[in-house]
Every structure is written in C-alpha cells, then in structure tokens.
**Student:** 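Dumping the structure here so I can ask a few things about it.
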4 protein chains.
Amino acid sequence: MNPSSFVNSFPSGANAAAADASSVNLRVGGDRRKQRSRRKEARPSELAAAALELFVERGFAATRLDDVAASAGVSKGTLYLYFNSKEALFKAVVQEAIVPELIAAEQFMANHRGSAAEVLRELTFFWWRHSGATRLAGVPKLMIAESGNFPELAKYYHDHVMMRGRALLGAVLARGIESGEFRRVDLETAIDLIIAPVMMLHVWRYSVCAHEREIDAEAYLTMHCDMIIRGFATEGNPA
Amino acid sequence: MNPSSFVNSFPSGANAAAADASSVNLRVGGDRRKQRSRRKEARPSELAAAALELFVERGFAATRLDDVAASAGVSKGTLYLYFNSKEALFKAVVQEAIVPELIAAEQFMANHRGSAAEVLRELTFFWWRHSGATRLAGVPKLMIAESGNFPELAKYYHDHVMMRGRALLGAVLARGIESGEFRRVDLETAIDLIIAPVMMLHVWRYSVCAHEREIDAEAYLTMHCDMIIRGFATEGNPA
Amino acid sequence: MNPSSFVNSFPSGANAAAADASSVNLRVGGDRRKQRSRRKEARPSELAAAALELFVERGFAATRLDDVAASAGVSKGTLYLYFNSKEALFKAVVQEAIVPELIAAEQFMANHRGSAAEVLRELTFFWWRHSGATRLAGVPKLMIAESGNFPELAKYYHDHVMMRGRALLGAVLARGIESGEFRRVDLETAIDLIIAPVMMLHVWRYSVCAHEREIDAEAYLTMHCDMIIRGFATEGNPA
Amino acid sequence: MNPSSFVNSFPSGANAAAADASSVNLRVGGDRRKQRSRRKEARPSELAAAALELFVERGFAATRLDDVAASAGVSKGTLYLYFNSKEALFKAVVQEAIVPELIAAEQFMANHRGSAAEVLRELTFFWWRHSGATRLAGVPKLMIAESGNFPELAKYYHDHVMMRGRALLGAVLARGIESGEFRRVDLETAIDLIIAPVMMLHVWRYSVCAHEREIDAEAYLTMHCDMIIRGFATEGNPA
DNA sequence: AATGAATGAGACTTCATTCAT
DNA sequence: GATGAATGAAGTCTCATTCAT
C-alpha cells in the first residue's frame, strides 16, 4: 500500500472539484520533463499519507519522524522541507485525510432524492464505505487521543469536520420533521445520538476491540439505522 | 506483579468512597506507630490515583513520572518501589480505576427489581453518576488512546471491563426478551448500540468537544434510553 | 587545571563575603557523610567553570554540551539538572566569572589610600593580575562575540559589570579632578579611554594575536598608565 | 582558491566607491549581451557583500547560508559555485572587506604632508570615516569573535591587515621621533596603544554597548588623539 | 551557469530508569 | 523504606553540503 494509492482511494467523482488540481494532474500528465517539479508538488501529500498510517496505528507521540520518513522513502530532513514541525505534519495529515471525506459526503447528500429515512440510512453506509473501511477509519481515534494535547487541532477538527458533518445530519433531520416523517426532537441531541455509534464503531475497530472481537459492521449499522428511524418516526408512520 | 494480584489487594467490597476513607483515616488516626505501616499499604493506591489524574488529562506518553511523583508528594524513586515501570503504573491505574466501578454496577443490578426498560434506564444513569461525573470519566478516552500501544492492557480491559459490562446489559436484554417486553434482537449488536453512545459521551467530554460545545448529558442520555427502549419494544408494547 | 582550582583562583580575601558560603565550605568540611549533598551544592559552580573554559576557547556556538559535560566529568543529562538550556548555562558562566572579579576590585579601591594617579595605576595592575592573567581574561572576547546574539546578556553585562567598573574609574578621576591633580575632562569619555586599551589587551591575547605576537603586558600597561596620567595632569603638575 | 588569488581579482586601485560603481553599472548599462558575463564576474563580490552584512550582524556560526543566498538573491547552490565551503566564504568576505580599506589608508598617508601629530590625527579620523561609519565597522568584532576558530584566517588578518596598519603608524611615529616632535618611545607598544581605542570603539558600537550607550565618536577620538600626541610630545614641545 | 530538492550528521533537549546514600 | 542525583538512550529539529535537472 504505497502513498499514491492513498490519493486514489478518495471517491473519484467527489473530490475532483475540491482537491487541488495539482495532485490530480499528477497522474494524468504524460511528459517526463516536469517530473521533478511535479514531484515537489506531490510530496506533501505523499508524506502526509505515510504519516497518517503511522499516527493512526501508533498515535502521535509514539510515532517517530524517522519512521515516517523511512515509510515515505525520504530522509528525515526532507520532512522539514514541507512541515515545520511534527505538529504541523499532524495538522496536515488531519486536513488531508478528512476534508475530502466531507466534501464527498456533502455532494452525495446534495444529489440524493428520497425520504429522510432513506437518506439517513444511505448516508450512514456511504460514510462507512468511504471512511470506516479505509485507513481513514483511524482518524477518529487519533483525534480523540490527541485532541487534549492539541487544543488548536481539536478546534479545527470540531469546526471544520464535526460541525460540517452535523450540519449534514441536521439538514436531513429537519427535512424529515418538516415532511411529518419524523417527530419533533431536539436536533442537537438527535445528531449526537446518530453520530456516536458510528464514531464508536471506528474507534472500537482501531483500539480496544482490535484483536478481541470482530464487530459485524453491516449488522451493527443496520440495527443502528433501524433504531434511529424507528425512534424518530411519527406515530402513524412506523418506519 | 501480575494484574490480578494487584486487583486483589484492594478491599473486596470497596468502591471509590471506601478507598477514600482509608486514605483519610491515615491522617486522623491517633496511633502513630501504625501510621508507617498503614501508609505503606496505602501508597500504591495514592500513587495510582495521582497517576490516573495525569494520564487522563494528558495521556500516557505526555505524562512525566516527575509530575506523577510530585503530584503524589513523593520522590520519583519511590514510584519504582511500587511499580516496575511506567507501563506497570499504567496498568495499575487502569485496573484500580475500573474494577470498583464495575463491582458497584453489578451490585446495583443484582438488587434491582423492575421491568427491563426500567432497569436499562436506571443502569444507564447509575453508570453516568458513578463514572461520567467523576474522574473516571477520562478512562475510556485513555483506553482508546493507548490500547493500540498496550495490547496486553487492551485485552485486560476488554476481558475484565467491557465483557463484564456487556454481560450486565446482556442479562437485562435477555430478561426483557424473555418476558416479551423486547423484540428478539441480536444480543451482541444490541449491547454495542446501547454502550456506544454512553462511551462516546465520556469521550466527547474529555476530548474533541472539551472546550467547544457543552453536551447536556441528562437530555442526551434520556433520549438515548428512549430510543433504545422504543426501538427494542415489541409491537403491542410501545414503551 | 580542574574546576576546583578555578574557585580557588579568586582573590581569597576579596570574595569571602560575596561568594556563597557553600562553595567555600566545600573545601573546609572534614566529614564524609555529607559529601553527596555538598557535592550537589558545588555542582553548578563546577559545571560553569568547565563551561567557561570551553566558551572562552571556542565561543558559544562552537562549544558542544557534550564537551562541557565530558570536561566536567558528568553526563550530558546532568547539565540539565542545573541549567535549563545552553543559554542559561552561558548566563551562569558569565555571572559566576565576572561578579567576584568586580567585587574584588571594589574592595581594593575602597581600601586604597594615595594620589589619584597612584590609584589609577595600581587599579590597572590589580585588574590585570586578577583578570588578565587568569582564564577570566577570555570573558571580554566572549562577551564581544556573543552579545549580539544575546541582547539580554549584553544588557546584564553592561549594567552589572561595565557600569560598575566605570563607576570605579569615575570615582578615581573625580577625586583627582577635585584635588587639582587632574584636568577637568569629560568623565565618560575619559573612562572609555582608560578602559579601551585594557580590554583590548585581553582581547588580543585571546584572539587575533594569540599565536602571532606576544604582547608585553607589563610594558603595555605601564605606558598606558603613563599616557593617561600625563594626559590628564594639570599644567603645573606633570605626573 | 587561495586567498591571494582572490584578492588579486579585485580592481587594484579600487576602493569601496569603485566597487559599488561596477555593480551599479551592471544594471544601467544598455548592452544586454554583456550583462551575463559581467554579472558572472561580479557574482563573488555580490555574494561576499551579502555575507559580510550577515556575518557582521550575527556572527559566523549563527549565519545560515540560506539567508546569505536569499539576501544575495541567488539559490543556495549558487554559493557553492563560487565558494567551496562556508569557511571559504568567510575568508573571502574578510579579505574583500579589509584590503580596500587598507589600500585607501596607505594612499592617504603617502600623499599627506604635515607634522607627525597632524598626520596621526588625520589618519585616525580618515580611518573612522572609511571604516567606523560603514558596514566595515563590524569586521573587527567579527575577527575577534571568530579568529579563535579560524587560526589560518587570524594569521592572514594579522599579517596582511594589522601589520600593514601598524607599519603605517610606525612610519608616522618614526618620523615624529626623528624630527624631535615625539619622545623616544618603544614603537610596538606605542602602536598598540594608538590602535587599541580605535578598535574598541568599533567593537563597542557593534556589541556590548550597541543598545545601551551611545558613544560620541568625535569626542572620543579627539580626546584619544590629544592624549596620544600630548603623551608622546617631547618636553619642550607640548602639543 | 544555475537551481533547489534532498540529504544526513550532529546539535540540543527530555525523561524513564537506576543506585549510592 | 525513601530519596534525588545521575544517567544515557532516543527524540526533534537544523543546516552545510551535494547533485540531478
């Protein structure tokens, strides 16, 4: 699993607009003359990808920059050409890893037509496919573990990732309430309860249960959606 | 010094209140001759308590033994009289923090009479009062963050804490299904979905949302229980 | 030339009051039981002495802490028990090196009786004996070289050392003018011109001329004093 | 690339003004074809000029080649086209900075007619105007700071700069003694005492006193010359 | 000739661990 | 039992130097 595959692992249709053109061009360009400069443009992403792997696996503090460098196939000094500090690398990793994920989800939502319940269910599984099943699955654990020591990063993650994801869910819920499909519940709390099990699924897979218990994600998420939809359904409209 | 021997050195029926009392008595007792030996017995607990505080706040790697020692009012060397390594201290901390918590929950369950739904709801709030509102609240985050680097500890936590807690919930669910109160759902998955939001509540409070958003635990847990109970209720028995 | 000789190289009668008693006790104590703790008190001075040697010889940046530690016979980590950073060590070195020097000169002055010219001449040679001929001779060069990068230290040196030395000279000059021995010259400028050749003598010995030319300090300072005294003398009083 | 070949590549009768003119012409000249080759010849001087600025300001060790390159508007690699190492650059800088200074002083002396006292005074102020008031003022401090780590350079500076300057002063003194204007003093020592305050004036301005005290160079040098001339004057010839 | 990306040795600094007292 | 001074391995970060383009 090399760094470049990481780039390609993003939903192809989704991030075309969002991801900077350069990293996309990286693969389509045909001529060799610009390889050096193109390489330079691609480096930060490659390094961040290597770092993501290790951060997710070992945590921030336990990851040595030597290992990141070795994993990316560069020298330790090269890391500092692109990132001023280990912390800066950490920030870049999180941003590279999560922003495309969100953009994809937002586009998915924007294009979807269907009942609120359907959207909720499909969004959940979309999320799982695009995050839970990839190496991005480790990011929530990473954030949980390190946000205490990196308040700045925690704020960024909260503002740009969690709030954005919550807004998505809030819109679905509001639509369902509007249409009479859902009961009138407190939106914030409802959002919390939709998100929590999904996050926890990621976390379990990457930490406590990693080697102890195999969680059947499909069944887990199916039941979760059932519960949510049933729990929010209006009386005359049992999902 | 294996984990279980350490656990067994705790007062068997003890909970947090009892442990506190002992360390308080330590200073009010009038007999001076016994103070030394009493103190000796209490030391590991005092040290672990100081370490818990710091581990939970800063994480394992970012906590220096100097700080633990200073916080406990002893010299750094003294730590090594009771724990062979930082890792050993970590194990002791986790074990000391969680075992009493569980014992208390089990006793609570054993004594409770009522419908499955009632028990579920009360158990949830009991848990919250005894864990979420105390310093133990940080333990889940700690476990999530460090279990990857301490597989042995993750296993212990999984086997002795999570499984024990899951057994508790499994018993309640089984009772509800038996009595016709709940539908026949997959037990393991159902347990996961009951636990996840509670864990996540702990985690959020200690990490990402710490400084960003105040979660109303009461409303959150109430809605969670509503959803669970409604979601599991049999057709003719809408909770 | 070991560190302890450094301590003893200070004028014995002069610094008895100034230097902290501990470093003096270091040598007079007879019992062995307290060696450990006494050692601790003495350590900072020993380390600073070792550092002085190297700083003076190689400059601040070119001196490695490994070498300082090795030279003091301790491990690198030990340095950090006493000094928070290389810069802190530098500060300590300067302060340890120069303050006693000044105190000695002040006491010398206070006890001296004689004409202004005599005092001037004797003070100059006193200074030379106590500074120019010891390893402290390198401090002026050190300060000149590094003060640009350590403005804080430059200020300290200026305020506590140079101003103090200048005050000494200013007092002598003022006395001479008062008594009609010296002409009425601008004090500040006069002080500059008395100091400059003395400083430069130190500097030359430690830098440019170190291996090229041997300056006869005795002749140099004698002529310097002659020039100064003759230059300042009133018409009817040719020195 | 040995020192002397480098020196010889400079315009022989040149001084600072001439060198400046060449680099200015570089840009105003209309002929574009020559610009490339002209530029090539000028490069080393431009690079050394940029380096001088930084060396003087920060010292040798604290100056990064990145900054030198950036300041000269070239890439870091280009530095190595002209100088084999940082040390080689340092040598070039010193040589380029001081040789023209000396040549100018020698020419000034050669053309001067007047009493020894007059020459001494005017030479001093000439020196100050051409060195103390320009960026060259920092060179003495630089030499003092680094000569310990660059013995070879110290020797060059001593042999080519100091000795040459001393010869100049020695000639003036000898002339004064010959004519009966000055007393018969030891020449070497006398030269030292003439130079020292001038050097120290440079040094003070660039280091310890930089931000603390403003020295009135005019008054300082005037008094210095007065003292020297008065001090050396024969009995019947009070300056 | 010129670039600037890449290197890697080496610097400062931290901290878990040990041990003489 | 308790101390705390001492250690040294290992980490992050810097920067002079090289070399493919």
**Student:** Classify the ring geometry between F150(A) and F90(A) as parallel (under 30°), tilted (30 to 60°) or perpendicular (over 60°).
**Tutor:** tilted
**Student:** Counting only Watson-Crick pairs (N1-N3 plus N6-O4 or O6-N4) and G-U wobbles (N1-O2, O6-N3), all under 3.5 Å, who is the partner of dT21(E)?
**Tutor:** dA2(F)
**Student:** Taking the nucleotide of DNA chain F with the nearest heavy atom to each, does G77(C) or E87(D) sit closer to the 5' end?
**Tutor:**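 First, find each residue's nearest nucleotide; the 5'-ward one identifies G77(C).
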**Student:** Calculate the interatomic distance between Y82(B) atom OH and dG1(F) atom P; express it in whole Å.
**Tutor:** 7 Å
**Student:** Which whole-number value in Å describes the distance from D67(C) CG to dA11(E) P?
**Tutor:** 8 Å
**Student:** Can you tell me the distance, in whole Å, between the CZ atom of F83(B) and the P atom of dT18(E)?
**Tutor:** 15 Å
**Student:** Just to confirm, is there a sub-4.0 Å distance from OP1 or OP2 of dC19(F) to any side-chain nitrogen or oxygen of Y80(D)?
**Tutor:**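 It does not, given that no N or O in the side chain of Y80(D) lies less than 4.0 Å from OP1 or OP2 of dC19(F).
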**Student:** Has the side chain of K86(D) got a donor or acceptor atom sitting under 3.5 Å from an opposite partner on the base of dT17(F)?
**Tutor:**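 Donor-acceptor pair under 3.5 Å: no.
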**Student:** Select base, sugar-phosphate, or nothing to describe what L81(C) touches, counting heavy atoms under 4.0 Å on all strands.
**Tutor:**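 Since a base atom lies under 4.0 Å of L81(C), the category is base.
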**Student:** What's the closest nucleotide to the R64(A) side chain, out of dG11(F), dT17(E), dC12(E)?
**Tutor:**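 The answer is dG11(F).
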**Student:** If you define the side chain from C-beta out and look only at heavy atoms, does anything of E46(B) sit under 4.5 Å from V74(B)?
**Tutor:**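 With C-beta onward as the side chain, the pair stays apart.
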**Student:** What is the distance, rounded to the nearest whole Å, between atom CG of L89(D) and atom P of dC15(F)?
**Tutor:** 16 Å
**Student:** Please name the nucleotide paired to dA1(E) by Watson-Crick or G-U wobble geometry with both distances under 3.5 Å, or report none.
**Tutor:**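 Across any shown strand, dA1(E) pairs with none.
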**Student:** Under 3.5 Å, is there a donor-acceptor pair between the side chain of K91(C) and the main chain of E152(C)?
**Tutor:**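 No, because the side chain of K91(C) does not come within donor-acceptor range (under 3.5 Å) of the backbone of E152(C).
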**Student:** Rounded at 0.5 Å granularity, tell me how far CD in E53(C) sits from OG1 in T63(C).
**Tutor:**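 Spacing of CD (E53(C)) from OG1 (T63(C)) equals 11.0 Å.
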**Student:** Atom CG of L79(D) to atom C1' of dA2(E): distance rounded to whole Å?
**Tutor:** 12 Å
**Student:** Working to the nearest 0.5 Å, report the span between OG of S71(B) and CG of L47(B).
**Tutor:**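 Rounded to the nearest 0.5 Å, the OG-CG separation comes out at 9.5 Å.
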**Student:** Do any side-chain nitrogens or oxygens of T78(B) fall under 4.0 Å of OP1 or OP2 in dT3(F)?
**Tutor:**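 Yes, such a contact exists.
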**Student:** Among dC12(E), dT7(F), dA6(F), which is the nearest nucleotide to the side chain of V74(C)?
**Tutor:** dT7(F)
**Student:** Under a 3.5 Å cut-off for both distances, is dC15(F) Watson-Crick or wobble paired, and to whom?
**Tutor:** dG8(E)
**Student:** Roughly how many Å is it from CG in D66(B) to C1' in dT7(F), rounded to a whole number?
**Tutor:** 14 Å
**Student:** Rounded to whole Å, how long is the line connecting atom CG of L65(A) with atom C1' of dA9(E)?
**Tutor:** 16 Å
**Student:** What's the verdict on side-chain contact (heavy atoms from CB on, under 4.5 Å) for V139(D) and L52(D), showing C-alpha distance, side-chain angles and the deciding distance?
**Tutor:** CA-CA 8 Å; V139(D) 172; L52(D) 169 62; 4.0 Å; yes
**Student:** Let me know the distance between CZ of R58(C) and C1' of dA11(E), rounded to the nearest Å.
**Tutor:**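 So the two atoms are 14 Å apart, to the nearest Å.
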**Student:** When you measure from the side-chain N and O atoms of S75(B) to the phosphate of dA2(F), is any distance below 4.0 Å, counting only OP1 and OP2?
**Tutor:** no
**Student:** Regarding dT7(F), can its base be found pairing with the side chain of K76(C) as donor and acceptor, where the two atoms are less than 3.5 Å apart?
**Tutor:** no
**Student:** Tell me whether the OP1 or OP2 atom of dA6(F) has a side-chain N or O from R43(C) closer than 4.0 Å.
**Tutor:** yes
